[in-house]
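No hydrogens, no waters, no symmetry mates; every other heavy atom, side chains included, goes into these values. To find a chain, count down the sequence lines: A is the first, B the second, and so on, and within it residues start at 1. Being a predicted model, the structure only gives us computed values, none of them experimental.
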There are 2 protein chains.
Amino acid sequence: MIESTRNPRVVAAARLNKAKARRDAGRMLLEGPNLLNAALDAGIEIDAVFTLAEDALSERASSIGVDVLTVTEAVMKRLADTESPRGPVAVAVLPSQGNIATRDTVILVAIRDPGNAGTLVRSAAAFGFQVVATPECVDLWSPKVLRSAAGAHFSTDLYVGVNPEDVAAAGVTLAALLPHDDGGPDPDPSVGPVGLLVGNEAHGLPARLIQQAPASLTIPTENVESLNAAVAGSIAMFAVAQGR
Amino acid sequence: MIESTRNPRVVAAARLNKAKARRDAGRMLLEGPNLLNAALDAGIEIDAVFTLAEDALSERASSIGVDVLTVTEAVMKRLADTESPRGPVAVAVLPSQGNIATRDTVILVAIRDPGNAGTLVRSAAAFGFQVVATPECVDLWSPKVLRSAAGAHFSTDLYVGVNPEDVAAAGVTLAALLPHDDGGPDPDPSVGPVGLLVGNEAHGLPARLIQQAPASLTIPTENVESLNAAVAGSIAMFAVAQGR
(Lines give C-alpha, C1' and ligand atoms only; values in the text may rest on other atoms or scores of the structure.)
Protein backbone atom coordinates (compact mmCIF):
# COMPACT_ATOMS: atom_id res chain seq x y z
CA MET A 1 0.00 0.00 0.00
CA ILE A 2 1.47 3.35 -1.08
CA GLU A 3 0.51 5.94 1.53
CA SER A 4 2.78 8.85 0.64
CA THR A 5 1.94 11.39 -2.07
CA ARG A 6 5.73 11.86 -2.31
CA ASN A 7 6.36 8.30 -3.42
CA PRO A 8 8.54 8.64 -6.55
CA ARG A 9 6.20 6.57 -8.75
CA VAL A 10 3.24 8.66 -7.62
CA VAL A 11 5.12 11.91 -8.25
CA ALA A 12 6.20 10.75 -11.72
CA ALA A 13 2.67 9.64 -12.60
CA ALA A 14 0.99 12.81 -11.29
CA ARG A 15 3.24 14.89 -13.56
CA LEU A 16 1.44 13.30 -16.52
CA ASN A 17 -1.50 15.60 -15.84
CA LYS A 18 0.57 18.20 -17.78
CA ALA A 19 0.88 18.09 -21.58
CA LYS A 20 4.63 18.71 -21.61
CA ALA A 21 5.31 15.85 -19.20
CA ARG A 22 3.18 13.54 -21.35
CA ARG A 23 5.15 14.47 -24.47
CA ASP A 24 8.50 14.07 -22.70
CA ALA A 25 7.64 10.70 -21.16
CA GLY A 26 5.53 9.35 -24.02
CA ARG A 27 2.96 8.38 -21.40
CA MET A 28 -0.58 9.40 -20.42
CA LEU A 29 -2.97 8.84 -17.50
CA LEU A 30 -6.17 6.82 -17.85
CA GLU A 31 -8.71 7.48 -15.11
CA GLY A 32 -11.64 5.24 -14.30
CA PRO A 33 -12.52 1.63 -15.13
CA ASN A 34 -14.07 2.36 -18.56
CA LEU A 35 -10.97 4.01 -20.04
CA LEU A 36 -8.64 1.35 -18.62
CA ASN A 37 -10.86 -1.43 -19.99
CA ALA A 38 -11.02 0.26 -23.41
CA ALA A 39 -7.20 0.62 -23.45
CA LEU A 40 -6.70 -3.03 -22.46
CA ASP A 41 -9.19 -4.13 -25.15
CA ALA A 42 -7.20 -2.13 -27.71
CA GLY A 43 -3.86 -3.61 -26.62
CA ILE A 44 -2.46 -0.29 -25.36
CA GLU A 45 0.69 -0.85 -23.31
CA ILE A 46 0.16 -0.10 -19.61
CA ASP A 47 3.07 0.59 -17.22
CA ALA A 48 1.19 0.59 -13.94
CA VAL A 49 -2.27 0.67 -12.40
CA PHE A 50 -2.89 2.60 -9.17
CA THR A 51 -6.01 1.35 -7.42
CA LEU A 52 -7.79 1.88 -4.08
CA ALA A 53 -8.45 -1.86 -3.81
CA GLU A 54 -7.73 -4.89 -5.94
CA ASP A 55 -10.66 -5.96 -8.09
CA ALA A 56 -11.47 -7.84 -11.30
CA LEU A 57 -10.07 -5.02 -13.44
CA SER A 58 -6.75 -4.74 -11.58
CA GLU A 59 -6.53 -8.54 -11.80
CA ARG A 60 -7.07 -8.32 -15.56
CA ALA A 61 -4.14 -5.89 -15.79
CA SER A 62 -2.00 -7.95 -13.43
CA SER A 63 -2.63 -11.12 -15.46
CA ILE A 64 -0.85 -9.57 -18.46
CA GLY A 65 2.11 -8.47 -16.35
CA VAL A 66 1.10 -4.89 -15.42
CA ASP A 67 2.28 -3.57 -12.02
CA VAL A 68 -0.74 -3.05 -9.77
CA LEU A 69 -0.17 -0.68 -6.86
CA THR A 70 -2.69 -0.19 -4.06
CA VAL A 71 -2.85 3.40 -2.84
CA THR A 72 -4.67 5.51 -0.24
CA GLU A 73 -7.43 7.98 -1.11
CA ALA A 74 -4.99 10.85 -0.61
CA VAL A 75 -2.60 9.37 -3.17
CA MET A 76 -5.48 8.71 -5.59
CA LYS A 77 -6.57 12.34 -5.27
CA ARG A 78 -3.02 13.44 -6.14
CA LEU A 79 -3.03 11.29 -9.31
CA ALA A 80 -6.55 11.93 -10.57
CA ASP A 81 -8.09 14.83 -12.43
CA THR A 82 -11.59 14.49 -10.94
CA GLU A 83 -12.89 15.77 -7.59
CA SER A 84 -13.68 12.51 -5.77
CA PRO A 85 -11.69 9.89 -7.67
CA ARG A 86 -12.62 6.26 -7.15
CA GLY A 87 -9.80 5.07 -9.39
CA PRO A 88 -8.15 3.26 -10.95
CA VAL A 89 -5.57 5.57 -12.53
CA ALA A 90 -3.27 3.87 -15.02
CA VAL A 91 -0.03 5.03 -16.64
CA ALA A 92 -0.18 4.07 -20.32
CA VAL A 93 2.12 4.40 -23.30
CA LEU A 94 1.08 7.00 -25.90
CA PRO A 95 0.37 5.26 -29.21
CA SER A 96 3.11 6.03 -31.71
CA GLN A 97 2.09 8.53 -34.35
CA GLY A 98 2.79 7.14 -37.81
CA ASN A 99 2.47 8.83 -41.19
CA ILE A 100 -0.92 10.39 -41.87
CA ALA A 101 -3.15 7.90 -43.66
CA THR A 102 -5.06 8.83 -46.82
CA ARG A 103 -8.56 8.60 -45.38
CA ASP A 104 -11.38 10.80 -44.08
CA THR A 105 -9.94 13.11 -41.43
CA VAL A 106 -11.34 15.65 -39.02
CA ILE A 107 -8.81 18.41 -38.37
CA LEU A 108 -9.23 20.26 -35.06
CA VAL A 109 -7.87 23.76 -35.65
CA ALA A 110 -7.13 25.45 -32.31
CA ILE A 111 -10.03 23.75 -30.49
CA ARG A 112 -9.50 24.84 -26.86
CA ASP A 113 -12.31 23.20 -24.91
CA PRO A 114 -11.44 19.65 -23.73
CA GLY A 115 -15.11 18.64 -23.82
CA ASN A 116 -15.42 19.70 -27.46
CA ALA A 117 -12.17 17.98 -28.42
CA GLY A 118 -13.22 14.73 -26.73
CA THR A 119 -16.68 14.85 -28.29
CA LEU A 120 -15.10 15.29 -31.74
CA VAL A 121 -12.79 12.28 -31.16
CA ARG A 122 -15.85 10.23 -30.15
CA SER A 123 -17.82 11.29 -33.25
CA ALA A 124 -14.77 10.72 -35.48
CA ALA A 125 -14.47 7.12 -34.30
CA ALA A 126 -18.23 6.68 -34.78
CA PHE A 127 -18.19 7.93 -38.38
CA GLY A 128 -14.92 6.34 -39.48
CA PHE A 129 -12.70 9.44 -39.41
CA GLN A 130 -9.13 9.76 -38.15
CA VAL A 131 -8.30 12.85 -36.03
CA VAL A 132 -5.64 15.52 -36.51
CA ALA A 133 -5.07 18.28 -33.93
CA THR A 134 -3.07 21.40 -34.81
CA PRO A 135 -0.33 22.57 -32.40
CA GLU A 136 -2.73 25.25 -31.01
CA CYS A 137 -5.27 22.62 -29.89
CA VAL A 138 -5.83 21.37 -26.37
CA ASP A 139 -3.75 18.16 -25.99
CA LEU A 140 -5.92 15.23 -27.13
CA TRP A 141 -4.24 13.00 -24.51
CA SER A 142 -5.26 15.17 -21.53
CA PRO A 143 -7.38 13.44 -18.87
CA LYS A 144 -10.38 15.73 -19.60
CA VAL A 145 -10.31 15.01 -23.35
CA LEU A 146 -9.90 11.28 -22.72
CA ARG A 147 -12.88 11.33 -20.34
CA SER A 148 -15.06 13.26 -22.76
CA ALA A 149 -14.29 10.83 -25.62
CA ALA A 150 -15.36 7.85 -23.47
CA GLY A 151 -12.73 5.45 -24.85
CA ALA A 152 -12.96 6.47 -28.52
CA HIS A 153 -9.25 7.44 -28.51
CA PHE A 154 -8.49 3.73 -28.87
CA SER A 155 -10.84 3.11 -31.84
CA THR A 156 -9.36 5.54 -34.36
CA ASP A 157 -5.99 7.09 -35.26
CA LEU A 158 -4.94 10.36 -33.63
CA TYR A 159 -2.22 12.77 -34.79
CA VAL A 160 -1.28 15.58 -32.41
CA GLY A 161 0.61 18.78 -33.31
CA VAL A 162 0.12 18.40 -37.06
CA ASN A 163 -0.70 21.18 -39.52
CA PRO A 164 -3.47 20.96 -42.17
CA GLU A 165 -0.86 21.29 -44.93
CA ASP A 166 0.54 17.89 -43.91
CA VAL A 167 -2.92 16.35 -44.20
CA ALA A 168 -3.35 17.81 -47.69
CA ALA A 169 0.09 16.45 -48.61
CA ALA A 170 -1.16 12.96 -47.73
CA GLY A 171 -3.77 13.21 -50.51
CA VAL A 172 -6.73 14.32 -48.39
CA THR A 173 -8.89 17.14 -49.83
CA LEU A 174 -9.29 19.94 -47.27
CA ALA A 175 -12.83 21.30 -46.73
CA ALA A 176 -13.47 24.30 -44.46
CA LEU A 177 -16.49 23.98 -42.18
CA LEU A 178 -18.04 27.46 -42.19
CA PRO A 179 -21.03 28.93 -40.29
CA HIS A 180 -22.04 30.89 -43.41
CA ASP A 181 -21.78 29.57 -46.96
CA ASP A 182 -18.91 31.24 -48.84
CA GLY A 183 -19.98 29.86 -52.21
CA GLY A 184 -17.08 27.41 -52.44
CA PRO A 185 -17.71 23.91 -53.86
CA ASP A 186 -18.89 21.23 -51.40
CA PRO A 187 -16.44 18.40 -50.77
CA ASP A 188 -17.19 15.36 -52.95
CA PRO A 189 -16.67 12.21 -50.86
CA SER A 190 -16.90 10.06 -54.01
CA VAL A 191 -13.69 11.60 -55.39
CA GLY A 192 -11.53 10.76 -52.37
CA PRO A 193 -11.00 11.29 -48.66
CA VAL A 194 -12.14 14.56 -47.08
CA GLY A 195 -10.19 16.59 -44.48
CA LEU A 196 -12.81 18.56 -42.52
CA LEU A 197 -11.35 21.70 -40.94
CA VAL A 198 -13.17 22.54 -37.67
CA GLY A 199 -12.29 25.95 -36.25
CA ASN A 200 -11.83 27.50 -32.83
CA GLU A 201 -14.91 27.98 -30.61
CA ALA A 202 -14.70 31.78 -30.56
CA HIS A 203 -12.74 32.71 -33.67
CA GLY A 204 -13.56 30.01 -36.23
CA LEU A 205 -10.98 29.16 -38.91
CA PRO A 206 -8.12 31.48 -39.94
CA ALA A 207 -8.83 33.26 -43.27
CA ARG A 208 -5.59 31.85 -44.67
CA LEU A 209 -6.81 28.27 -44.18
CA ILE A 210 -10.25 29.00 -45.66
CA GLN A 211 -8.62 30.37 -48.82
CA GLN A 212 -6.26 27.42 -49.01
CA ALA A 213 -8.99 24.75 -48.75
CA PRO A 214 -10.32 23.66 -52.17
CA ALA A 215 -13.79 22.93 -50.72
CA SER A 216 -16.10 24.27 -48.04
CA LEU A 217 -19.12 22.99 -46.18
CA THR A 218 -21.93 24.82 -44.36
CA ILE A 219 -24.69 23.29 -42.24
CA PRO A 220 -27.93 25.16 -42.98
CA THR A 221 -29.18 26.85 -39.78
CA GLU A 222 -31.54 29.64 -38.73
CA ASN A 223 -31.76 31.94 -35.67
CA VAL A 224 -28.20 31.38 -34.41
CA GLU A 225 -24.80 32.82 -35.34
CA SER A 226 -23.23 29.36 -35.25
CA LEU A 227 -23.55 25.86 -33.80
CA ASN A 228 -21.37 24.50 -31.01
CA ALA A 229 -18.01 23.53 -32.61
CA ALA A 230 -18.25 19.86 -31.62
CA VAL A 231 -21.83 19.63 -32.91
CA ALA A 232 -20.96 21.32 -36.21
CA GLY A 233 -17.95 19.05 -36.76
CA SER A 234 -19.98 15.96 -35.85
CA ILE A 235 -22.86 16.82 -38.20
CA ALA A 236 -20.37 17.46 -41.00
CA MET A 237 -18.72 14.05 -40.40
CA PHE A 238 -22.17 12.42 -40.33
CA ALA A 239 -23.06 14.11 -43.65
CA VAL A 240 -19.82 12.99 -45.31
CA ALA A 241 -20.28 9.43 -43.97
CA GLN A 242 -23.86 9.40 -45.33
CA GLY A 243 -22.49 10.46 -48.73
CA ARG A 244 -20.22 7.39 -48.91
CA MET B 1 -21.56 52.12 -6.26
CA ILE B 2 -22.68 49.02 -4.31
CA GLU B 3 -19.72 47.80 -2.24
CA SER B 4 -21.37 45.31 0.13
CA THR B 5 -22.08 41.71 -0.81
CA ARG B 6 -24.85 41.95 1.82
CA ASN B 7 -26.74 44.64 -0.04
CA PRO B 8 -30.34 43.32 -0.21
CA ARG B 9 -30.56 43.63 -4.01
CA VAL B 10 -27.28 41.73 -4.38
CA VAL B 11 -28.39 39.01 -1.96
CA ALA B 12 -31.73 38.62 -3.77
CA ALA B 13 -30.04 38.46 -7.16
CA ALA B 14 -27.31 36.01 -6.07
CA ARG B 15 -30.04 33.60 -4.88
CA LEU B 16 -31.07 33.23 -8.53
CA ASN B 17 -28.05 30.98 -9.04
CA LYS B 18 -30.32 28.25 -7.54
CA ALA B 19 -33.12 26.63 -9.56
CA LYS B 20 -35.69 26.84 -6.77
CA ALA B 21 -35.12 30.56 -6.25
CA ARG B 22 -35.51 31.12 -10.01
CA ARG B 23 -38.82 29.26 -10.05
CA ASP B 24 -40.11 31.10 -6.96
CA ALA B 25 -39.12 34.55 -8.24
CA GLY B 26 -39.82 33.94 -11.93
CA ARG B 27 -36.42 35.51 -12.59
CA MET B 28 -33.02 34.38 -13.94
CA LEU B 29 -29.46 35.73 -14.14
CA LEU B 30 -27.83 36.68 -17.44
CA GLU B 31 -24.05 36.88 -17.27
CA GLY B 32 -21.87 38.57 -19.84
CA PRO B 33 -22.52 41.12 -22.58
CA ASN B 34 -23.59 38.58 -25.24
CA LEU B 35 -26.46 37.10 -23.25
CA LEU B 36 -27.68 40.52 -22.12
CA ASN B 37 -27.58 41.82 -25.68
CA ALA B 38 -29.45 38.74 -26.96
CA ALA B 39 -32.11 39.17 -24.25
CA LEU B 40 -32.54 42.89 -25.05
CA ASP B 41 -32.79 42.08 -28.77
CA ALA B 42 -35.53 39.56 -27.97
CA GLY B 43 -37.47 42.01 -25.80
CA ILE B 44 -36.95 40.01 -22.58
CA GLU B 45 -37.92 42.09 -19.55
CA ILE B 46 -34.89 43.07 -17.43
CA ASP B 47 -35.24 44.17 -13.78
CA ALA B 48 -31.68 45.33 -13.16
CA VAL B 49 -28.16 45.28 -14.57
CA PHE B 50 -25.16 45.01 -12.24
CA THR B 51 -22.00 46.28 -13.91
CA LEU B 52 -18.38 47.03 -12.94
CA ALA B 53 -18.47 50.23 -14.98
CA GLU B 54 -21.04 51.99 -17.13
CA ASP B 55 -20.61 51.32 -20.84
CA ALA B 56 -22.57 51.27 -24.11
CA LEU B 57 -24.46 48.13 -23.07
CA SER B 58 -25.52 49.42 -19.66
CA GLU B 59 -26.57 52.64 -21.39
CA ARG B 60 -28.67 50.59 -23.82
CA ALA B 61 -30.43 48.98 -20.84
CA SER B 62 -30.77 52.28 -19.02
CA SER B 63 -32.32 53.94 -22.08
CA ILE B 64 -35.30 51.57 -21.87
CA GLY B 65 -35.76 52.19 -18.15
CA VAL B 66 -33.71 49.34 -16.64
CA ASP B 67 -32.00 50.04 -13.27
CA VAL B 68 -28.23 50.02 -13.78
CA LEU B 69 -26.19 49.46 -10.61
CA THR B 70 -22.42 49.83 -10.47
CA VAL B 71 -20.76 47.28 -8.18
CA THR B 72 -17.30 46.31 -6.94
CA GLU B 73 -15.43 43.23 -8.15
CA ALA B 74 -16.26 41.46 -4.86
CA VAL B 75 -19.97 42.02 -5.43
CA MET B 76 -19.69 40.90 -9.06
CA LYS B 77 -17.99 37.71 -7.90
CA ARG B 78 -20.89 37.07 -5.51
CA LEU B 79 -23.42 37.43 -8.35
CA ALA B 80 -21.66 35.60 -11.13
CA ASP B 81 -21.24 31.92 -11.88
CA THR B 82 -17.80 32.19 -13.54
CA GLU B 83 -14.36 32.39 -11.89
CA SER B 84 -13.22 35.89 -12.91
CA PRO B 85 -16.43 37.65 -13.88
CA ARG B 86 -16.15 40.82 -15.93
CA GLY B 87 -19.91 41.36 -15.86
CA PRO B 88 -22.48 42.55 -16.48
CA VAL B 89 -24.93 40.34 -14.58
CA ALA B 90 -28.59 41.10 -15.25
CA VAL B 91 -31.75 40.00 -13.46
CA ALA B 92 -34.30 39.09 -16.12
CA VAL B 93 -37.90 37.88 -16.11
CA LEU B 94 -38.37 34.20 -17.10
CA PRO B 95 -40.45 34.02 -20.30
CA SER B 96 -43.95 32.75 -19.52
CA GLN B 97 -44.48 29.15 -20.54
CA GLY B 98 -47.60 28.87 -22.71
CA ASN B 99 -49.31 25.76 -24.07
CA ILE B 100 -47.04 23.42 -26.00
CA ALA B 101 -47.17 24.27 -29.69
CA THR B 102 -47.75 21.60 -32.35
CA ARG B 103 -44.34 21.77 -33.98
CA ASP B 104 -41.01 19.93 -34.10
CA THR B 105 -39.78 19.45 -30.55
CA VAL B 106 -36.65 18.12 -28.91
CA ILE B 107 -37.46 16.56 -25.54
CA LEU B 108 -34.58 16.43 -23.06
CA VAL B 109 -35.23 13.40 -20.85
CA ALA B 110 -33.17 13.67 -17.65
CA ILE B 111 -30.23 15.39 -19.36
CA ARG B 112 -27.95 16.28 -16.42
CA ASP B 113 -24.94 18.03 -17.96
CA PRO B 114 -25.48 21.80 -18.35
CA GLY B 115 -23.13 21.90 -21.36
CA ASN B 116 -25.15 19.22 -23.15
CA ALA B 117 -28.47 20.91 -22.32
CA GLY B 118 -27.23 24.29 -23.58
CA THR B 119 -25.80 22.76 -26.73
CA LEU B 120 -29.15 21.09 -27.45
CA VAL B 121 -31.00 24.40 -26.97
CA ARG B 122 -28.55 26.04 -29.41
CA SER B 123 -29.03 23.29 -32.02
CA ALA B 124 -32.82 23.34 -31.51
CA ALA B 125 -32.97 27.05 -32.32
CA ALA B 126 -30.69 26.45 -35.32
CA PHE B 127 -32.90 23.69 -36.78
CA GLY B 128 -36.31 25.21 -35.95
CA PHE B 129 -37.19 23.00 -32.95
CA GLN B 130 -38.81 24.03 -29.69
CA VAL B 131 -37.37 22.55 -26.46
CA VAL B 132 -39.05 20.56 -23.69
CA ALA B 133 -37.17 19.51 -20.55
CA THR B 134 -38.55 16.81 -18.24
CA PRO B 135 -38.64 17.48 -14.48
CA GLU B 136 -35.47 15.35 -14.04
CA CYS B 137 -33.42 17.61 -16.34
CA VAL B 138 -30.91 20.23 -15.29
CA ASP B 139 -32.77 23.58 -15.17
CA LEU B 140 -32.59 25.13 -18.65
CA TRP B 141 -32.46 28.62 -17.08
CA SER B 142 -29.31 27.94 -15.03
CA PRO B 143 -26.34 30.24 -15.73
CA LYS B 144 -24.26 27.33 -17.10
CA VAL B 145 -26.97 26.21 -19.54
CA LEU B 146 -27.58 29.81 -20.65
CA ARG B 147 -23.85 30.28 -21.28
CA SER B 148 -23.54 27.04 -23.23
CA ALA B 149 -26.50 27.94 -25.48
CA ALA B 150 -24.90 31.31 -26.36
CA GLY B 151 -28.17 33.27 -26.52
CA ALA B 152 -30.28 30.62 -28.30
CA HIS B 153 -32.71 30.52 -25.33
CA PHE B 154 -34.23 33.69 -26.76
CA SER B 155 -34.69 32.39 -30.34
CA THR B 156 -36.96 29.41 -29.65
CA ASP B 157 -39.65 28.34 -27.17
CA LEU B 158 -38.65 26.48 -24.01
CA TYR B 159 -40.87 24.41 -21.70
CA VAL B 160 -39.37 23.30 -18.40
CA GLY B 161 -40.68 20.50 -16.14
CA VAL B 162 -42.94 18.98 -18.79
CA ASN B 163 -43.47 15.26 -19.46
CA PRO B 164 -43.31 13.67 -22.93
CA GLU B 165 -46.98 12.61 -22.62
CA ASP B 166 -47.97 16.29 -22.67
CA VAL B 167 -45.99 16.80 -25.89
CA ALA B 168 -47.75 13.81 -27.48
CA ALA B 169 -51.09 15.24 -26.33
CA ALA B 170 -50.30 18.42 -28.32
CA GLY B 171 -50.27 16.37 -31.54
CA VAL B 172 -46.51 15.82 -31.80
CA THR B 173 -45.37 12.28 -32.76
CA LEU B 174 -42.81 10.97 -30.25
CA ALA B 175 -39.66 9.35 -31.67
CA ALA B 176 -37.07 7.71 -29.40
CA LEU B 177 -33.44 8.46 -30.29
CA LEU B 178 -31.64 5.14 -29.71
CA PRO B 179 -27.94 4.15 -29.95
CA HIS B 180 -28.93 0.81 -31.51
CA ASP B 181 -31.78 0.34 -33.97
CA ASP B 182 -34.74 -1.41 -32.33
CA GLY B 183 -36.53 -2.01 -35.63
CA GLY B 184 -39.25 0.58 -34.95
CA PRO B 185 -40.43 2.80 -37.82
CA ASP B 186 -38.49 6.02 -38.46
CA PRO B 187 -40.37 9.25 -37.78
CA ASP B 188 -41.93 10.68 -40.97
CA PRO B 189 -41.52 14.47 -40.89
CA SER B 190 -43.90 14.81 -43.86
CA VAL B 191 -46.81 13.47 -41.76
CA GLY B 192 -46.51 16.04 -38.97
CA PRO B 193 -44.27 17.43 -36.24
CA VAL B 194 -41.73 15.14 -34.57
CA GLY B 195 -40.97 14.99 -30.82
CA LEU B 196 -37.39 13.69 -30.54
CA LEU B 197 -36.72 12.01 -27.19
CA VAL B 198 -33.06 12.45 -26.14
CA GLY B 199 -32.04 10.37 -23.13
CA ASN B 200 -29.75 10.72 -20.14
CA GLU B 201 -25.97 10.73 -20.73
CA ALA B 202 -25.33 7.52 -18.77
CA HIS B 203 -28.65 5.66 -18.81
CA GLY B 204 -30.31 6.63 -22.07
CA LEU B 205 -34.12 6.62 -22.28
CA PRO B 206 -36.39 4.72 -19.86
CA ALA B 207 -37.78 1.48 -21.41
CA ARG B 208 -41.31 2.69 -20.68
CA LEU B 209 -40.83 5.76 -22.91
CA ILE B 210 -39.23 3.75 -25.73
CA GLN B 211 -42.23 1.41 -25.80
CA GLN B 212 -44.64 4.33 -25.71
CA ALA B 213 -43.05 6.21 -28.64
CA PRO B 214 -44.63 5.29 -32.00
CA ALA B 215 -41.34 5.89 -33.85
CA SER B 216 -37.61 5.53 -33.23
CA LEU B 217 -34.46 6.90 -34.80
CA THR B 218 -30.87 5.61 -34.81
CA ILE B 219 -27.79 7.37 -36.17
CA PRO B 220 -25.59 4.76 -37.90
CA THR B 221 -22.22 4.56 -36.12
CA GLU B 222 -19.27 2.17 -35.80
CA ASN B 223 -16.59 1.59 -33.12
CA VAL B 224 -18.39 3.37 -30.26
CA GLU B 225 -21.14 2.37 -27.85
CA SER B 226 -22.90 5.72 -28.34
CA LEU B 227 -22.41 9.33 -29.36
CA ASN B 228 -22.34 12.24 -26.94
CA ALA B 229 -26.00 12.99 -26.05
CA ALA B 230 -25.92 16.58 -27.36
CA VAL B 231 -24.29 15.46 -30.61
CA ALA B 232 -26.79 12.62 -31.12
CA GLY B 233 -29.76 14.94 -30.48
CA SER B 234 -28.31 17.62 -32.77
CA ILE B 235 -27.67 15.19 -35.65
CA ALA B 236 -31.21 13.83 -35.28
CA MET B 237 -32.65 17.37 -35.43
CA PHE B 238 -30.48 18.11 -38.46
CA ALA B 239 -31.74 14.92 -40.18
CA VAL B 240 -35.40 15.76 -39.48
CA ALA B 241 -34.88 19.36 -40.69
CA GLN B 242 -33.25 18.02 -43.89
CA GLY B 243 -36.31 15.80 -44.43
CA ARG B 244 -38.67 18.81 -44.41
Side-chain angles (χ1 to χ4, degrees), chain A residues 32 34 37-38 41-42 104 106 113-131 144 147-157 179-180 201-202 218-244, chain B residues 32 34 37-38 41-42 104 106 113-131 144 147-157 179-180 201-202 218-244:
Chain A
N34 296 341
N37 261 320
D41 288 346
D104 286 334
V106 62
D113 181 84
N116 283 340
T119 298
L120 284 164
V121 170
R122 188 170 173 182
S123 296
F127 297 126
F129 279 61
Q130 61 185 358
V131 183
K144 285 190 176 60
R147 189 158 64 243
S148 161
H153 280 71
F154 310 121
S155 335
T156 187
D157 293 323
H180 304 286
E201 291 88 347
T218 296
I219 299 156
T221 58
E222 47 183 314
N223 297 315
V224 300
E225 194 44 46
S226 64
L227 292 162
N228 165 278
V231 163
S234 298
I235 292 177
M237 286 189 269
F238 165 77
V240 169
Q242 293 285 96
R244 290 240 170 271
Chain B
N34 296 341
N37 261 319
D41 288 347
D104 286 335
V106 62
D113 180 82
N116 283 341
T119 298
L120 284 164
V121 170
R122 189 170 173 182
S123 297
F127 297 126
F129 280 60
Q130 61 186 358
V131 183
K144 284 189 176 58
R147 189 159 63 244
S148 161
H153 281 71
F154 309 121
S155 336
T156 187
D157 293 322
H180 305 286
E201 290 87 349
T218 296
I219 299 156
T221 58
E222 47 183 314
N223 297 315
V224 300
E225 193 45 46
S226 65
L227 293 163
N228 164 280
V231 163
S234 298
I235 292 178
M237 285 190 270
F238 166 77
V240 170
Q242 292 285 96
R244 289 242 171 271

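- Across all non-hydrogen atoms, the minimal contact from B:Val231 to A:Ala230 is CG2-O, 4.3 Å.
- Of residues 147-157 of chain B, those residues lying under 4.5 Å from chain A by any heavy-atom pair are B:Ala152, B:Ser155.
- Looking at residues two or more places apart in sequence or on another chain, you find a side-chain contact (heavy atoms from CB on, under 4.5 Å) between B:Pro114 and B:Val138, B:Lys144, B:Val145.
- For chain A, the option among B:Ile219, B:Leu227, B:Thr119 with the highest count of heavy-atom pairs below 4.5 Å is B:Leu227.
- A:Glu222 is linked by a side-chain hydrogen bond (donor to acceptor under 3.5 Å, both in side chains) to nothing, counting only residues two or more places apart in sequence or in another chain.
- Heavy atoms only, all atoms of each residue included: A:Val224 and B:Arg122 are closest at CG1-O, 3.8 Å.
- Per-residue counts of heavy-atom pairs under 4.5 Å with chain B were compared for A:Ala125, A:Gly115, A:Ala232, A:Ser123; the largest is that of A:Ala125.
- Against chain A, the residues from residues 235-244 of chain B that qualify, each with a non-hydrogen atom under 4.5 angstrom away, are B:Ile235, B:Phe238, B:Gln242 in number order.
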